[in-house]
Protein chains: 2
Amino acid sequence: MGRGKIEIKRIENQNSRQVTYTKRRNGLVKKAKEISVLCDAKVSLIIFSSSGKLEHYLSPQTTMVEILDQYHKNSGDMLWDAKLESLNNEIDRMKKENDNMNVELKHLNGVDITSLNHRELMALEDALDDGLVNIRCKKVSLINL
Amino acid sequence: MGRGKIEIKRIENQNSRQVTYTKRRNGLVKKAKEISVLCDAKVSLIIFSSSGKLEHYLSPQTTMVEILDQYHKNSGDMLWDAKLESLNNEIDRMKKENDNMNVELKHLNGVDITSLNHRELMALEDALDDGLVNIRCKKVSLINL
DNA sequence: CAAACTATCTATAAGCT
DNA sequence: TAGCTTATAGATAGTTT
(Lines give C-alpha, C1' and ligand atoms only; values in the text may rest on other atoms or scores of the structure.)
Protein backbone atom coordinates (compact mmCIF):
# COMPACT_ATOMS: atom_id res chain seq x y z
CA MET A 1 0.00 0.00 0.00
CA GLY A 2 1.88 2.98 -1.10
CA ARG A 3 3.78 4.34 -4.03
CA GLY A 4 4.60 0.85 -5.16
CA LYS A 5 3.73 -2.73 -4.53
CA ILE A 6 6.20 -4.65 -2.40
CA GLU A 7 6.94 -8.30 -2.15
CA ILE A 8 6.33 -9.86 1.25
CA LYS A 9 9.85 -10.91 2.16
CA ARG A 10 12.43 -9.63 4.61
CA ILE A 11 13.43 -6.03 3.83
CA GLU A 12 17.20 -6.18 3.53
CA ASN A 13 17.91 -2.46 3.95
CA GLN A 14 18.20 -1.98 7.70
CA ASN A 15 16.85 1.55 7.64
CA SER A 16 13.79 0.87 5.49
CA ARG A 17 13.10 -2.17 7.63
CA GLN A 18 13.06 -0.03 10.76
CA VAL A 19 10.84 2.61 9.16
CA THR A 20 8.43 0.04 7.80
CA TYR A 21 8.39 -1.70 11.18
CA THR A 22 7.33 1.45 12.99
CA LYS A 23 4.60 2.25 10.50
CA ARG A 24 3.18 -1.24 10.33
CA ARG A 25 3.45 -1.81 14.06
CA ASN A 26 1.33 1.29 14.63
CA GLY A 27 -1.11 0.13 11.99
CA LEU A 28 -1.36 -3.31 13.53
CA VAL A 29 -2.02 -1.97 17.01
CA LYS A 30 -4.65 0.40 15.63
CA LYS A 31 -6.43 -2.46 13.86
CA ALA A 32 -6.26 -4.55 16.99
CA LYS A 33 -7.91 -1.78 18.96
CA GLU A 34 -10.58 -1.37 16.31
CA ILE A 35 -11.61 -5.01 16.12
CA SER A 36 -11.62 -5.12 19.88
CA VAL A 37 -14.07 -2.21 20.06
CA LEU A 38 -16.16 -2.89 16.97
CA CYS A 39 -16.62 -6.58 17.51
CA ASP A 40 -16.33 -6.87 21.25
CA ALA A 41 -13.34 -9.18 20.86
CA LYS A 42 -10.53 -9.85 23.30
CA VAL A 43 -7.18 -9.26 21.71
CA SER A 44 -3.63 -9.76 22.89
CA LEU A 45 -0.94 -8.51 20.56
CA ILE A 46 2.74 -8.73 21.44
CA ILE A 47 5.40 -7.57 19.02
CA PHE A 48 9.15 -7.64 19.35
CA SER A 49 11.15 -5.76 16.75
CA SER A 50 14.26 -7.48 15.42
CA SER A 51 16.20 -5.32 17.86
CA GLY A 52 14.14 -6.77 20.71
CA LYS A 53 12.00 -3.76 21.55
CA LEU A 54 8.57 -4.66 22.92
CA GLU A 55 5.20 -3.29 21.87
CA HIS A 56 1.97 -4.75 23.04
CA TYR A 57 -1.73 -4.21 23.05
CA LEU A 58 -4.34 -5.80 25.26
CA SER A 59 -8.08 -5.26 25.02
CA PRO A 60 -9.33 -3.16 27.90
CA GLN A 61 -11.99 -5.69 28.88
CA THR A 62 -9.48 -8.41 29.71
CA THR A 63 -6.11 -9.27 31.26
CA MET A 64 -3.06 -11.08 30.00
CA VAL A 65 -3.61 -13.87 32.49
CA GLU A 66 -7.17 -14.38 31.30
CA ILE A 67 -6.10 -14.43 27.66
CA LEU A 68 -3.39 -16.98 28.42
CA ASP A 69 -5.76 -19.11 30.45
CA GLN A 70 -8.25 -19.17 27.62
CA TYR A 71 -5.52 -19.68 25.08
CA HIS A 72 -4.16 -22.56 27.06
CA LYS A 73 -7.57 -24.20 27.38
CA ASN A 74 -8.43 -23.73 23.73
CA SER A 75 -5.16 -24.52 22.04
CA GLY A 76 -4.13 -27.48 24.14
CA ASP A 77 -0.60 -26.11 24.02
CA MET A 78 1.43 -27.06 27.02
CA LEU A 79 2.71 -23.59 27.69
CA TRP A 80 2.95 -23.86 31.41
CA ASP A 81 4.42 -27.31 31.40
CA ALA A 82 7.04 -26.28 28.91
CA LYS A 83 7.87 -23.27 31.01
CA LEU A 84 8.08 -25.37 34.15
CA GLU A 85 10.33 -27.85 32.45
CA SER A 86 12.71 -25.22 31.20
CA LEU A 87 12.91 -23.64 34.65
CA ASN A 88 13.54 -27.00 36.25
CA ASN A 89 16.28 -27.73 33.77
CA GLU A 90 17.93 -24.45 34.59
CA ILE A 91 17.75 -25.23 38.30
CA ASP A 92 19.31 -28.65 37.76
CA ARG A 93 22.08 -27.16 35.72
CA MET A 94 22.84 -24.57 38.39
CA LYS A 95 22.71 -27.16 41.15
CA LYS A 96 25.41 -29.16 39.41
CA GLU A 97 27.53 -26.08 38.90
CA ASN A 98 26.97 -25.24 42.55
CA ASP A 99 27.94 -28.67 43.79
CA ASN A 100 31.10 -28.68 41.73
CA MET A 101 32.17 -25.34 43.12
CA ASN A 102 31.35 -26.51 46.62
CA VAL A 103 33.61 -29.53 46.28
CA GLU A 104 36.37 -27.39 44.87
CA LEU A 105 36.05 -24.95 47.76
CA LYS A 106 36.16 -27.76 50.31
CA HIS A 107 39.24 -29.21 48.70
CA LEU A 108 40.97 -25.86 48.78
CA ASN A 109 40.22 -25.75 52.48
CA GLY A 110 41.63 -29.22 52.91
CA VAL A 111 38.25 -30.74 53.69
CA ASP A 112 36.96 -34.01 52.21
CA ILE A 113 40.20 -34.75 50.45
CA THR A 114 40.22 -38.42 51.39
CA SER A 115 39.23 -39.52 47.91
CA LEU A 116 41.94 -37.56 46.11
CA ASN A 117 44.97 -39.35 44.68
CA HIS A 118 48.53 -38.14 44.83
CA ARG A 119 48.46 -36.30 41.54
CA GLU A 120 45.31 -34.41 42.54
CA LEU A 121 46.79 -33.52 45.90
CA MET A 122 49.88 -32.11 44.21
CA ALA A 123 47.73 -29.94 41.91
CA LEU A 124 45.78 -28.69 44.90
CA GLU A 125 48.98 -27.93 46.79
CA ASP A 126 50.30 -25.93 43.85
CA ALA A 127 47.08 -23.97 43.58
CA LEU A 128 47.17 -23.14 47.27
CA ASP A 129 50.81 -22.16 47.06
CA ASP A 130 50.08 -19.86 44.14
CA GLY A 131 47.22 -18.34 46.04
CA LEU A 132 49.38 -17.75 49.09
CA VAL A 133 52.08 -16.11 47.02
CA ASN A 134 49.52 -13.75 45.48
CA ILE A 135 48.00 -12.95 48.83
CA ARG A 136 51.35 -12.27 50.46
CA CYS A 137 52.42 -10.01 47.61
CA LYS A 138 49.24 -8.07 48.03
CA LYS A 139 49.70 -7.87 51.80
CA VAL A 140 53.21 -6.56 51.42
CA SER A 141 52.13 -3.94 48.93
CA LEU A 142 49.35 -2.84 51.29
CA ILE A 143 51.76 -2.51 54.19
CA ASN A 144 54.19 -0.50 52.10
CA LEU A 145 51.58 2.12 51.21
CA MET B 1 -12.64 1.18 4.25
CA GLY B 2 -15.69 0.36 2.37
CA ARG B 3 -18.82 1.87 1.10
CA GLY B 4 -19.03 4.17 4.04
CA LYS B 5 -17.00 5.37 6.95
CA ILE B 6 -17.90 3.79 10.26
CA GLU B 7 -17.50 5.00 13.78
CA ILE B 8 -15.22 2.92 15.98
CA LYS B 9 -17.71 1.70 18.54
CA ARG B 10 -19.34 -1.64 19.25
CA ILE B 11 -21.45 -2.83 16.31
CA GLU B 12 -24.85 -3.48 17.84
CA ASN B 13 -26.27 -5.69 15.11
CA GLN B 14 -25.17 -9.18 16.02
CA ASN B 15 -24.91 -10.37 12.45
CA SER B 16 -22.90 -7.44 11.09
CA ARG B 17 -20.68 -7.71 14.10
CA GLN B 18 -19.92 -11.33 13.31
CA VAL B 19 -19.30 -10.59 9.63
CA THR B 20 -17.06 -7.64 10.40
CA TYR B 21 -15.24 -9.73 12.97
CA THR B 22 -14.39 -12.42 10.45
CA LYS B 23 -13.21 -9.96 7.84
CA ARG B 24 -11.11 -7.88 10.21
CA ARG B 25 -9.71 -10.89 12.02
CA ASN B 26 -8.40 -12.21 8.73
CA GLY B 27 -7.00 -8.80 7.91
CA LEU B 28 -5.29 -8.56 11.27
CA VAL B 29 -3.66 -11.97 10.98
CA LYS B 30 -2.50 -11.15 7.48
CA LYS B 31 -0.90 -7.92 8.67
CA ALA B 32 0.74 -9.73 11.56
CA LYS B 33 2.28 -12.23 9.14
CA GLU B 34 3.45 -9.45 6.88
CA ILE B 35 5.24 -7.42 9.56
CA SER B 36 6.78 -10.59 10.86
CA VAL B 37 8.25 -11.42 7.46
CA LEU B 38 9.03 -7.91 6.21
CA CYS B 39 10.62 -6.62 9.40
CA ASP B 40 11.92 -9.79 10.97
CA ALA B 41 9.72 -9.19 14.02
CA LYS B 42 8.38 -11.69 16.48
CA VAL B 43 4.63 -11.45 16.79
CA SER B 44 2.10 -13.14 18.98
CA LEU B 45 -1.52 -12.39 18.21
CA ILE B 46 -4.36 -13.98 20.13
CA ILE B 47 -7.97 -13.08 19.40
CA PHE B 48 -11.16 -14.28 21.04
CA SER B 49 -14.41 -13.39 19.37
CA SER B 50 -17.25 -12.25 21.60
CA SER B 51 -18.56 -15.79 21.31
CA GLY B 52 -15.26 -17.08 22.69
CA LYS B 53 -13.79 -18.59 19.54
CA LEU B 54 -10.01 -18.52 19.41
CA GLU B 55 -7.80 -17.37 16.57
CA HIS B 56 -4.08 -16.93 16.93
CA TYR B 57 -0.94 -16.24 15.01
CA LEU B 58 2.64 -16.75 16.06
CA SER B 59 5.73 -15.82 14.05
CA PRO B 60 7.47 -18.90 12.70
CA GLN B 61 10.83 -17.90 14.16
CA THR B 62 9.66 -18.06 17.75
CA THR B 63 7.54 -19.90 20.32
CA MET B 64 4.81 -18.82 22.66
CA VAL B 65 7.01 -19.58 25.65
CA GLU B 66 9.79 -17.38 24.31
CA ILE B 67 7.38 -14.53 23.61
CA LEU B 68 5.94 -14.77 27.10
CA ASP B 69 9.39 -14.93 28.64
CA GLN B 70 10.45 -11.80 26.85
CA TYR B 71 7.14 -10.13 27.56
CA HIS B 72 7.49 -10.99 31.22
CA LYS B 73 11.01 -9.58 31.39
CA ASN B 74 10.04 -6.40 29.58
CA SER B 75 6.69 -5.61 31.12
CA GLY B 76 7.28 -6.66 34.71
CA ASP B 77 3.74 -8.01 34.72
CA MET B 78 3.12 -10.95 36.99
CA LEU B 79 1.87 -13.51 34.55
CA TRP B 80 3.07 -16.58 36.31
CA ASP B 81 1.49 -18.32 39.20
CA ALA B 82 3.04 -18.88 42.58
CA LYS B 83 4.90 -21.98 41.53
CA LEU B 84 6.67 -20.31 38.68
CA GLU B 85 7.39 -17.40 40.94
CA SER B 86 9.01 -19.63 43.53
CA LEU B 87 11.06 -21.39 40.88
CA ASN B 88 12.27 -18.06 39.64
CA ASN B 89 13.18 -17.09 43.18
CA GLU B 90 15.12 -20.30 43.62
CA ILE B 91 17.02 -19.59 40.45
CA ASP B 92 17.87 -16.11 41.67
CA ARG B 93 18.98 -17.45 45.02
CA MET B 94 21.20 -20.06 43.40
CA LYS B 95 22.66 -17.50 41.04
CA LYS B 96 23.73 -15.41 44.02
CA GLU B 97 25.16 -18.43 45.82
CA ASN B 98 26.96 -19.31 42.65
CA ASP B 99 28.41 -15.86 42.25
CA ASN B 100 29.56 -15.79 45.85
CA MET B 101 31.33 -19.12 45.51
CA ASN B 102 32.91 -17.95 42.32
CA VAL B 103 34.33 -14.90 44.06
CA GLU B 104 35.55 -17.02 46.94
CA LEU B 105 37.26 -19.44 44.58
CA LYS B 106 38.94 -16.59 42.77
CA HIS B 107 40.15 -15.12 46.03
CA LEU B 108 41.55 -18.45 47.14
CA ASN B 109 43.48 -18.54 43.89
CA GLY B 110 44.74 -15.02 44.51
CA VAL B 111 42.69 -13.54 41.66
CA ASP B 112 40.70 -10.30 41.90
CA ILE B 113 41.92 -9.54 45.41
CA THR B 114 42.53 -5.87 44.77
CA SER B 115 39.44 -4.82 46.67
CA LEU B 116 40.25 -6.76 49.84
CA ASN B 117 41.48 -5.00 52.97
CA HIS B 118 44.23 -6.17 55.27
CA ARG B 119 41.96 -8.07 57.63
CA GLU B 120 40.36 -9.97 54.75
CA LEU B 121 43.74 -10.79 53.29
CA MET B 122 44.86 -12.20 56.63
CA ALA B 123 41.78 -14.40 56.84
CA LEU B 124 42.40 -15.62 53.32
CA GLU B 125 46.02 -16.35 54.12
CA ASP B 126 45.03 -18.36 57.18
CA ALA B 127 42.51 -20.35 55.16
CA LEU B 128 45.11 -21.12 52.54
CA ASP B 129 47.64 -22.07 55.18
CA ASP B 130 45.16 -24.41 56.84
CA GLY B 131 44.40 -25.92 53.49
CA LEU B 132 48.03 -26.47 52.76
CA VAL B 133 48.63 -28.09 56.13
CA ASN B 134 45.75 -30.50 55.54
CA ILE B 135 46.91 -31.31 52.05
CA ARG B 136 50.46 -31.96 53.17
CA CYS B 137 49.33 -34.21 56.04
CA LYS B 138 47.31 -36.17 53.54
CA LYS B 139 50.23 -36.39 51.13
CA VAL B 140 52.53 -37.66 53.84
CA SER B 141 50.02 -40.28 54.96
CA LEU B 142 49.65 -41.42 51.34
CA ILE B 143 53.40 -41.76 50.94
CA ASN B 144 53.70 -43.75 54.13
CA LEU B 145 51.21 -46.36 53.00
C1' DC C 1 -27.17 -17.67 4.73
C1' DA C 2 -22.41 -17.36 2.99
C1' DA C 3 -19.66 -15.97 -0.75
C1' DA C 4 -18.63 -12.59 -4.21
C1' DC C 5 -18.58 -7.79 -5.55
C1' DT C 6 -17.19 -3.00 -5.70
C1' DA C 7 -17.18 1.74 -4.22
C1' DT C 8 -14.87 3.84 -0.90
C1' DC C 9 -11.96 4.35 2.90
C1' DT C 10 -7.46 3.45 5.11
C1' DA C 11 -2.66 2.16 5.32
C1' DT C 12 1.55 2.87 3.72
C1' DA C 13 5.95 2.94 0.19
C1' DA C 14 8.59 6.11 -1.56
C1' DG C 15 9.85 10.71 -1.67
C1' DC C 16 10.85 14.97 0.52
C1' DT C 17 12.42 18.08 4.22
C1' DT D 1 17.47 10.98 11.38
C1' DA D 2 12.67 11.54 12.39
C1' DG D 3 8.47 13.73 10.48
C1' DC D 4 5.42 15.15 6.83
C1' DT D 5 3.39 14.33 2.06
C1' DT D 6 1.10 11.99 -1.57
C1' DA D 7 0.22 8.54 -4.94
C1' DT D 8 -1.16 4.02 -4.86
C1' DA D 9 -2.03 -0.61 -2.96
C1' DG D 10 -4.84 -2.91 0.14
C1' DA D 11 -8.79 -3.52 3.34
C1' DT D 12 -13.41 -3.56 3.97
C1' DA D 13 -18.73 -1.71 4.60
C1' DG D 14 -22.52 -2.15 2.38
C1' DT D 15 -24.61 -4.52 -1.47
C1' DT D 16 -25.76 -8.17 -4.47
C1' DT D 17 -26.36 -12.91 -5.75
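Residue numbers begin at 1 in each chain, while the letters A, B, ... track the order of the sequences.
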(request) Please report the C-alpha distance between K33(B) and I8(A) in whole Å, then the side-chain angles of each, then the deciding distance to 0.1 Å, and finally whether the side-chain contact (heavy atoms from CB on, under 4.5 Å) criterion is met. (result) CA-CA 9 Å; K33(B) 281 182 188 164; I8(A) 303 301; over 6 Å; no
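Judged as a salt bridge (charged side-chain N to carboxylate O under 4.0 Å, His left out), and not counting sequence neighbours, the contacts of E97(B) are R93(B).
From one end of the helix from dA2(C)-dT17(D) to dT17(C)-dA2(D) to the other, with five pairs defining each end axis, the axis direction shifts by 20° (rounded to 10°).
No salt bridge links K139(A) with D126(B); every basic N to acidic carboxylate O contact stays at or beyond 4.0 Å.
The nearest whole Å value for the distance from the CD atom in Q18(B) to the P atom in dA2(C) is 8 Å. Protein atom NZ of K33(B) is 16 Å distant from nucleotide atom C1' of dG10(D), rounded to whole Å. Rounded to whole Å, the distance from CZ on R17(B) to P on dA13(D) is 14 Å. Between the OH atom of Y21(B) and the C1' atom of dA13(D) there is a distance of 18 Å, rounded to whole Å.
Both V29(A) and Y21(B) belong to a common hydrophobic cluster when Ile, Leu, Val, Met, Phe, Trp and Tyr are linked at side-chain heavy-atom distances under 4.5 angstrom.
At a threshold of 4.5 Å between non-hydrogen side-chain atoms, the residues Q70(A) and I46(B) do not count as touching. In this structure, L58(A) and K42(A) have side chains that are not in contact, with every pair of non-hydrogen atoms separated by 4.5 Å or more.
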(message) How would you summarise protein contacts on nucleotides 7-17 of chain C per nucleotide, using B for base, S for sugar-phosphate only and - for none, with heavy-atom distances below 4.0 Å?
(response) BBBSBBBB---
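Of the N and O atoms on the side chains of T22(A) and Q18(A), at least one donor lies less than 3.5 Å from an acceptor on the other residue.
Heavy-atom neighbours of E85(A) CD from other residues, nucleotides or ligands within 6.0 Å: at or below the threshold of 12.
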